[in-house]
Structures are given as C-alpha cells and as structure tokens.
Amino acid sequence: MESVPHLIASLHHDASLQLLAGATTGFLSHTLYFVRGYHDTSILSILLIHFASYTSLTIFFGLIPATLLSTSYLVALFTSISLYRLFFHPLRHFPGPLPAKLTKLYGPYLARNGQLHIEQNKLFSKYGNIIRVAPNELFVLNSGAIPTIHAAKSGCRKRDAGVYNVVHYNGAYNLDSILDREEHRGRRRVWERGMMTQALTTYETSTRQICHTWLSQLDVFSAEGRAINTSLFSLLVTFDHMGKIGFSHDFNTIEAGKENRMLDLLEVMFGQLGQLGELVWPVALMKSLGAGGDAGEFDRLTKTMADRREARGEGEKLDDIFGHFLQDFQSEKPVAFFDRNILYSDAALILIGATDTIAVVLSYAFYHLAQHQTYQEKLFAEVKPVFGRTIPGEFTNSDLSRLALLEAVINETMRLDNPVANNGGRMTPPEGITVDGVWIPGGVAVRVPGYPMHRSERAFVRPEEFVPERWTSEPGLILDRGAFFPFLSGPSNCVGKRLAMMVLRLVLSYTVYGYQFRLAPGEDGSAIYSEAKDNLILKAGPLKVVFDKRS
Ligand code: HEM
C-alpha cells in the first residue's frame, strides 16, 4: 500500500488520482454530512469552507489539479444527492414532479409568476392529495391532517420546517417563528393579553377613526366621480390601522392615497420571499452576511418606531398592542420580553401580521360585493338596524358580531381568497405521522395549504362560486367544515383572529352603510386575480371601483 506522503505527491501530477480523490470526497461529504439534518442556516459556513478548500488546494497543488479535484468533488456530491433523493429518500414513493424531487430550486421556478398557490393547486389535480413538492417536503390536501399536524398534542414542530429558522431580529425569534414550544407558550400569553376583549374594546375607537378617514376619502372620490383602487386602499386602511392600534402611531397613508416607505418595504420584502418559493438558504445567507438593503432598512425603521413608542409611553397612557409587550419588558419578572431584540422582533410581527392579511380579505370582499350587488343591499339591510344601537351614530363590533350575513360574507371571502394561501410547514416527529391511512416518515416537512383545501370539491359544493348562504341558510353546501381554516388551529393559530374580524366587520359595515359600489367602467375584474401575488401572504391585484354615496 502506498504511503500517505507518496499519495499526496502523486496528486500533484496524476489527473486520474485527482478525479478519484475529488469524487470520493464528494460522495463522503454527502453521506456523512449533507444527508443528515438541516443545513440551510449553515449556508455561509458551507460556502466559506468550500472556498477556503479550493484556495488551499490551489496554493498546494496548483490551479489545474485543484480545479480537477473540486470539479469531480462537486459532480460526485450532486450526483450522490440526486440519486439519493430519487431512489433512496424516505419520500421516494410519494408522487410529484421530477424536478421537485430533485431540488428545492423547483420552488422559485413555480413561483416565477408570483402565483405559487395556483401552481400548487394544479399539482394536486395532477398528482393526487399527498404530493412531494420538494426533496423533503409534502403538501397534504386533507382536512384530517390539520389536527394531526397542528393540535397541541401533535408531535410536529416548526424547527427546520420552513422559513421560521431564519425569521429573527439579531437572533430573537418572533412569536410566529419561535422554534421552542415552551418559549412560545410564554410569549403567546403576553400577545393574548393584547388581544383580549377588554383590549379590543380600547382599540375599537381607533378602528372607527380609521373607518371615518376611509369614508372621507370615499366622499372625495365619489364627489369627483373618480374610481378608486380598492386593493390599494384596503392596504392603506389596514396599514394605518396597524400603526394606530399597534403603536399609537399615525401613518396617514389613507389621506396620502399612496404607500409610505415602511409599507413599501414591507411589500418589497414579502415580494422577495414570494419569489423564492419557500427556498430558505438565500434568506439565511443574507442574514448571516448582516441584513442590509431593504430588510436592513425595514429593521431600522421598526426599531425607531418601537423606540419612539417606548419614549412616548413614559409621559402618556397609550392603549396599543406594543404597550402590552412593553409592560412585560419593564416588569420585574418578565414572562417573555426579556430583552430589546425580542421587543423589536415582535414589533415587526405586528406590522407583518396585522397589515397584508386583513388587507387581502378586504380587497376581495370589495371585489365580491361589487360583482354581486344584491349582497350589498342585503348587508345594508342587515347592518342598518344596529347603526347607533350602542354608540350614537356609530357601529360597534359587539353589535356587528351577531350579524349572520356579514359573518358569512367575510367567511366566504376568506374561503375563496385565503390570505395565508399555503400555511406554515411543520416537521414530522421521529416516529412519523399517519394521514388518511398514509404513513408519512419522521423528519419530513409537511403542510396543509389552505388555498386548494378551501376550493376543494370534496369539502364545498360549487367551490369556485361566491355563495355566502353556505354559512347561513344552505349549510348543505359545506361538505366538510374542518376544511375551512383561514386562521389555522392549535397552539400557534392566529392570535390576531378576533382583531382581524373586528376590523373587517367595521370597515365593511361603514362602507355598505354609506355607499353603493360597482366595478368602474372598463374594469372587468380580472386583474385582481391575474396580478395577485402569493408572497407568503396573498396580495390582491388592482381593482377599480366606483362608489356612490347613499342618499
Ligand atoms: C384575516 C386576517 C388574518 C389571517 C387570515 C391570519 C392568518 C394566520 C395564520 C394562518 C396563522 C398561522 C401561521 C402558521 O403557523 O403557519 C397566523 C398566525 C399569526 N397571526 Fe394571523 N392572520 C390574520 C390577521 C392577524 C392580525 C390582525 C394579527 C395581529 C398582529 C395577526 C398576528 C398573528 C401572529 C402573531 C401569528 C403567530 C401566532 C403564533 O405562532 O402563536 N394575524 N395568522
């Protein structure tokens, strides 16, 4: 047997030995490292190690041997990964497109037109109810999977299941991205204090103020006979509302009629995430390099807003969501907000959670109501008797929450145009899970996407049609109630659900009470769908609507 020094000496000039050594190393690095565990967050180290190895080989052996070694290493590494994913991976028997089985890059390919939710829906039609959408990821179209994956007793977890690992502020995860269940429980308690009935009642005054600002804009547009882009204004309404009830801050974008820098950044960042189609390592790489660009600017603006809010709170009594975080942070024994990074992290989550989600429902509610004007009149008839019932000249959330058609219109909109189209992924426990009689192995990312589930024929009769009566007088049009989960379920369900419903009820009621509306001349209503973007949270395309003040 040749000695090691002799072998190394041969590597200098023996090309076949260089190829063999590179290929062996490539194969071993796959079988000993890459095939085990989750490496997206280690992307920077992986790249640096590869770069350092190539540089050292070049210095030691020269450029051509180093290139031969590296090339054969990479070819062997990717061949080994591909063969494994196709023929040996625990998910090899699950159907799905071939490129999805081979590489996560299939995600950005599917998302290239911003309509990942539609593309994934098509995959279900082609491949069945459980499909392999990435090498280690399954999408499941089965409502029974919701409790299996999301209930408190489920063994499924967020860690390594998607973008959660990389969503943090200087290492502090927000409520949605926390990977540890115990930590999540404590933080959730503080968030829930900020969403209790008593807290919502204090925010409601601000919600009404925002509604009146919106109505003032409608007055201007209707007086001038101008059409309004309801998708844009839905975003401005919810953004201004979030500023007010989140941070007691006035953004005044409704009056301006356009996005401000912060909202713009929010949209750009979501757009970039949407384009990645659930690919995590580019985000991890950006984070490791230090958030610059838009993400860095967004973080800085959020921090400034949070700091200003904290400073104001020393002299004023302010009722807002951030106040609940501050209260915990400033207490002697904080339950969850132990340091400033956590404060900033969850401040950003208020911005993210409370803006686009509600905006998309409002946008599509305006669309459906403009298309089906009879529902505007029915809603008008329903809300009119409760106007001024509790507060003179105003609506209140508690009065509106009892109105069946209003609730049905909101539900039906969220069914058809589910804001969180894909829902977050979860990692299966080591023992795996069983869904619809099919065993899914452990260590696999799974998710039940809401968009195709809400439009499934197995769950809803005439699933593509807007029929609010399915939630009231025609329950037979719902075949599977468990298939409707816009806010998801379990311990990580939407903590802002009641707040979202309050905003939707109030904005829609004030609008139909004051106005009748229809699609603008020349508007065929197609762009709201064709130009919609699935940016983790759905974003509606534009819609031109004309409003006429009721006499
Ligand atoms: C119609 C509007 C909304 C919809 C459809 C919606 C939907 C959802 C969904 C599906 C989740 C679960 C995500 C996952 O784990 O995969 C979620 C979580 C969350 N939502 Fe909402 N949301 C809405 C409004 C809001 C509002 C107004 C807030 C207020 C800030 C908010 C804050 C949150 C937070 C903090 C979480 C994480 C909860 C946790 O992990 O415990 N959401 N939302």
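Keep in mind the model is a prediction, meaning the values are calculated, not measured. Both ligands and their constituent atoms are indexed starting at 1 by order of listing.
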Aromatic ring proximity, centroids under 6.0 angstrom, His249 and Phe251
yes
Which of the ligand 1 atoms, numbered from 1, are nearer than 4.0 Å to a heavy atom of Asn423
10 (C), 16 (O)
Please verify the inter-ring angle class for Tyr375 with Phe466; under 30° counts as parallel, over 60° as perpendicular, anything in between as tilted.
perpendicular
What part of Asn493, side chain from CB on, backbone N/CA/C/O, both or neither, has a heavy atom under 4.0 Å from ligand 1?
backbone
Nearest to atom 15 (O) of ligand 1, what protein heavy atom do you find, and at what distance?
Arg426 NH2, 3.0 Å
For ligand 1, find out whether one of its N or O atoms is nearer than 3.5 Å to an N or O atom of Pro486.
no
Residue of the set Phe329, Trp191, Phe325 for which ring pair (Phe, Tyr, Trp, His ring centres under 6.0 Å) holds with Phe337
Phe325
N/O to N/O below 3.5 Å, does that happen between Arg188 and ligand 1?
yes
Of all the atoms in ligand 1, which lie at a distance below 4.0 Å from a heavy atom belonging to Leu349?
35 (C)
Please identify which of these residues, Asp176, Val335, Asp328, Ile342, meets the side chain to side chain contact (heavy atoms under 4.5 Å, CB included) condition with Arg187.
Ile342
One checks atom 21 (Fe) of ligand 1 and counts protein N, O or S atoms under 2.8 Å, reaching 1
Protein residue, atom and distance nearest to atom 16 (O) of ligand 1, heavy-atom basis
Gly424 N, 2.7 Å
Check each atom of ligand 1 against the heavy atoms of Val361 and keep those under 4.0 Å away; list them by number with element.
1 (C)
Where do Phe485 and His454 land on the ring pair (Phe, Tyr, Trp, His ring centres under 6.0 Å) test, with the steps shown first?
CA-CA 8 Å; Phe485 43 84; His454 285 181; 5.3 Å; yes
Atom indices of ligand 1, in the order listed, that fall short of 4.0 Å to a heavy atom of Tyr164
14 (C), 15 (O), 16 (O)
Taking 4.0 angstrom as the limit and counting only heavy atoms of His184, give me the atoms of ligand 1 inside it, by number and element.
39 (C), 40 (O), 41 (O)
Among all residues two or more places apart in sequence or in another chain, which pass the ring-ring contact (aromatic ring centres under 6.0 Å, His included) test with Phe298?
none
Under 30°, 30 to 60°, or over 60°: which ring-plane class applies to Trp471 and Phe484, parallel, tilted or perpendicular?
tilted
Would you please classify the geometry between the His368 ring and the Tyr364 ring as parallel, tilted or perpendicular, with 30° and 60° separating the classes?
tilted
Using heavy atoms and a threshold below 4.0 Å, how should the contact between Trp191 and ligand 1 be classified: side chain, backbone, both, or neither?
side chain
To the nearest 0.5 Å, tell me how far Thr41 OG1 sits from Lys287 NZ.
12.5 Å
Assess Arg470 against Phe460: is NZ or CZ under 6.0 Å from the centre of the six-membered ring, and within 45 degrees of the ring's axis?
no
Where does the angle between the aromatic ring planes of Trp214 and Phe366 fall among parallel (under 30°), tilted (30 to 60°) and perpendicular (over 60°)?
tilted
Taking only heavy atoms of Lys158 into account, list the atoms of ligand 1 that are under 4.0 Å away from them.
40 (O)
Salt-bridge present (Arg426, Asp160; N to O < 4.0 Å):
no
